[in-house]
Amino acid sequence: MAGEPQDDCLFCKIVAGQIPATIVRETDTTVAFRDINPQAPTHVLVIPKAHHKDAAALAAAAPEVAADLLREAQAVADQDQLESHRIVFNTGSGAGQTVWHAHAHVLGGRGLHWPPG
Ligand code: 5GP
Ligand code: ZN
């Protein structure tokens with residue numbers, strides 16, 4: 001069921017504390033932790049505690065939590081004192097999504113080219 005923890009989901013396990021992560025922020029609805037394979041000096045994932053398969057599913061089911069995710073992404077950027085940053089939601093395998101639990105990548109601390117590859 002949407003929102004319920006999924007046994008086979010890596011990020012649900014991080015939310016549950018079953019897999020360790022370097023958590024940088026937490027709210028009632030979200031967790032932010034450093035990506036295990038960082039692509040920039042700051043590379044933090046901001047996720048809802050509830051399981052939704054991608055950002056669009058999250059926005060449809062729980063728009064207030066989708067707003068929390070964006071607010072927390074900015075808080076991560078502020079915490080790491082980023083002058084500029086990029087928020088990325090890879091959606092679908094063709095765009096590089098590999099974990100099917102909604103997450104925002106917050107990237108910064110280096111030059112970020114546009115358009116991205
Ligand atoms: P996606 O490719 O789905 O947009 O992003 C998934 C992200 O999760 C990748 O950037 C990947 O490096 C990160 N990731 C995968 N496994 C782990 C893990 O066990 N711990 C952490 N902190 N990040 C992970
Ligand atoms: Zn999950």
Side-chain angles (χ1 to χ4, degrees):
M1 198 169 100
E4 296 297 316
Q6 303 289 301
D7 288 344
D8 57 351
C9 175
L10 178 65
F11 288 176
C12 284
K13 289 181 178 155
I14 287 178
V15 171
Q18 292 163 358
I19 290 180
T22 304
I23 293 174
V24 296
R25 296 184 58 82
E26 183 170 3
T27 70
D28 287 349
T29 57
T30 66
V31 182
F33 53 92
R34 298 210 181 272
D35 197 291
I36 205 168
N37 182 24
Q39 302 301 312
T42 291
H43 187 174
V44 169
L45 302 174
V46 187
I47 71 170
K49 287 184 173 174
H51 181 92
H52 299 276
K53 74 179 170 72
D54 58 27
L58 170 66
E64 68 289 352
V65 180
D68 293 343
L69 222 62
L70 292 178
R71 202 177 299 110
E72 280 299 297
Q74 181 64 51
V76 166
D78 291 344
Q79 199 167 293
D80 277 12
Q81 298 182 297
L82 302 179
E83 186 231 334
S84 307
H85 64 281
R86 184 169 294 156
I87 301 170
V88 174
F89 292 95
N90 293 326
T91 304
S93 49
Q97 187 176 1
T98 58
V99 178
W100 302 92
H101 179 131
H103 51 281
H105 296 255
V106 182
L107 296 151
R110 65 164 169 80
L112 295 166
H113 299 291
W114 189 262

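When reading the values below, keep in mind they use all heavy atoms of this one structure, side chains included, and skip hydrogens, waters and symmetry mates.
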Can you tell me how far the [atom1] atom of [X] sits from the [atom2] atom of [Y], to the nearest 0.5 Å?
{"X": "Ile14", "Y": "Ile36", "atom1": "CD1", "atom2": "CD1", "answer": "7.5 Å"}
{"X": "His103", "Y": "Ile47", "atom1": "NE2", "atom2": "CD1", "answer": "9.0 Å"}
{"X": "Lys13", "Y": "Gln6", "atom1": "NZ", "atom2": "CD", "answer": "11.0 Å"}

Query raised in the report: Linking Ile, Leu, Val, Met, Phe, Trp and Tyr through side-chain heavy atoms less than 4.5 Å apart, which residues share a cluster with Val76?
Result: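 Members alongside Val76: Val24, Val44, Val46, Leu58, Val65, Leu69, Leu70, Ile87, Phe89, Val106.
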**Report entry** Whichever hydrophobic residues join Trp100 through chains of side-chain contacts under 4.5 Å
**Finding:** none
Query raised in the report: Any ion pair linking Asp78 and Arg25 (charged N to carboxylate O, less than 4.0 Å)?
Result: no
Requested in this report: Answer yes or no: are there more than 12 heavy-atom neighbours, outside Glu64 itself, under 6.0 Å from its atom CD?
Outcome: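 Correct, the count exceeds 12.
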Query raised in the report: More than 12 non-hydrogen atoms from neighbouring residues, nucleotides or ligands closer than 6.0 Å to CD on Gln18, yes or no?
Result: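 Result for CD/Gln18: enclosed.
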On a heavy-atom basis, which atom in [X] and which in [Y] lie closest, and how many Å separate them?
{"X": "Asn37", "Y": "Asp35", "value": "N-OD1, 2.8 Å"}
{"X": "Gln97", "Y": "Lys53", "value": "NE2-O, 3.0 Å"}
{"X": "Ala66", "Y": "Ala59", "value": "CB-CA, 4.0 Å"}
{"X": "Ala77", "Y": "His85", "value": "CB-ND1, 3.5 Å"}

Query raised in the report: Can you list the residues that meet the salt bridge (Lys or Arg N to Asp or Glu O under 4.0 Å) rule with Asp68, with sequence neighbours excluded?
Result: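 Applying salt bridge (Lys or Arg N to Asp or Glu O under 4.0 Å) to Asp68 gives Arg71.
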Which pairs of donor and acceptor atoms, one on a side chain in residues 109-117, lie under 3.5 Å apart (sequence neighbours left out)?
{"unit_1": "Arg110", "atom_1": "NE", "unit_2": "Gln39", "atom_2": "O", "d": "3.0"}
{"unit_1": "Arg110", "atom_1": "NH2", "unit_2": "Gln39", "atom_2": "O", "d": "2.8"}

Query raised in the report: For Phe33, which residues count as a ring-ring contact (aromatic ring centres under 6.0 Å, His included) partner, sequence neighbours excluded?
Result: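 Applying ring-ring contact (aromatic ring centres under 6.0 Å, His included) to Phe33 gives Phe11.
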Query raised in the report: Considering residues at least two apart in sequence or located in another chain, which fulfil the ring-ring contact (aromatic ring centres under 6.0 Å, His included) criterion with His43?
Result: His105
